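Only this structure's heavy atoms are used, side chains among them; waters, hydrogens and symmetry mates stay out. The structure presented is a predicted model; accordingly, all values stated were derived computationally and were not measured.
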Amino acid sequence: MSNDWERPSSPPPAAPPAGPSAGPPAGRPLAPPSAAPPPQWPAVGAPGYAPRGGYVVARTPSTNGMAIASFVTSILWLYGIGSILAIVFGAIAIRQINASNGWSTGKGFAIAGLVIGIVSLSALVAFVVFLVALAGSGP
């Protein structure tokens, strides 16, 4: 059995001299014959595919870091400093979330931090006022 891609046992016949009209050398084909045509890419706008104007990037909304910071600092009271930071971070976070057009979440964290900060700061102020009133009413 002879394979078309094996080396011939005798040297190939001499090629005709190269000239302006010289084509491929006579003899064996340069590429193996194939029964199937080469694969092709589907045409743009092929049936079942809608043409697009550009790439679509899938992006998921992320939680706002200031909202988380507001919630955490409202829980960590730190003698009133955490309450003040929670109020500031909560206000900034709500403003950023509203301006993000839905790409930032965490409004619940921001509101919770803001409310807890306001309640704990008002409790601190009420406690200080009570202590001052108690000290002023002494003998």
Side-chain angles (χ1 to χ4, degrees):
M1 182 168 174
S2 173
N3 187 352
D4 288 340
W5 296 102
E6 290 179 359
R7 275 203 159 152
S9 57
S10 63
S21 65
R28 297 183 183 208
L30 297 178
S34 63
Q40 295 185 4
W41 293 94
V44 175
Y49 295 98
R52 296 193 182 263
Y55 292 101
V56 176
V57 178
R59 185 173 148 193
T60 59
S62 60
T63 305
N64 190 303
M66 288 288 210
I68 295 172
S70 172
F71 185 69
V72 170
T73 54
S74 71
I75 293 173
L76 302 175
W77 183 64
L78 300 174
Y79 301 105
I81 297 172
S83 301
I84 296 170
L85 289 176
I87 294 169
V88 172
F89 291 158
I92 292 172
I94 289 173
R95 202 171 307 136
Q96 287 177 350
I97 292 168
N98 288 338
S100 72
N101 292 328
W103 289 113
S104 184
T105 61
K107 197 168 188 177
F109 280 123
I111 291 172
L114 190 63
V115 169
I116 295 170
I118 290 171
V119 168
S120 62
L121 187 62
S122 60
L124 175 66
V125 169
F127 183 69
V128 169
V129 167
F130 175 73
L131 286 181
V132 169
L134 189 62
S137 67

Item to check | Closest approach of Ala93 to Ala110 (non-hydrogen atoms, all atoms of both residues) | outcome: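 So the two residues come closest at CB-CB, 3.8 Å.
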Item to check | Nearest heavy atoms of Ser70 and Ala86, plus distance in Å | outcome: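 In this case the closest contact between Ser70 and Ala86 is OG-O, 2.9 Å.
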Distance-only criterion, 3.5 Å: show the donor-acceptor pairs between side-chain atoms of residues 132-139 and protein atoms not counting sequence neighbours.
{"unit_1": "Ser137", "atom_1": "OG", "unit_2": "Ala133", "atom_2": "O", "d": "3.3"}
{"unit_1": "Ser137", "atom_1": "OG", "unit_2": "Leu134", "atom_2": "O", "d": "3.2"}

Same apolar cluster (I L V M F W Y, side chains within < 4.5 Å links), [X]/[Y]:
X	Y	answer
Tyr79	Phe89	no
Val119	Leu78	no
Met66	Leu114	no
Leu85	Ile92	yes

Checklist entry - Do any pairs count as a ring-ring contact (aromatic ring centres under 6.0 Å, His included) and have a residue in residues 109-137, sequence neighbours left out, and if so which ones? => result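 Applying ring-ring contact (aromatic ring centres under 6.0 Å, His included) to every pair that reaches into residues 109-137, excluding sequence neighbours, yields Phe71-Phe109.
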Contacts of [X] that satisfy side-chain contact (heavy atoms from CB on, under 4.5 Å) - sequence neighbours left out:
X	result
Thr105	Pro61, Thr63
Val125	Val129
Asn98	Ile94, Lys107
Leu121	Ser83, Ile84, Ile87, Leu124

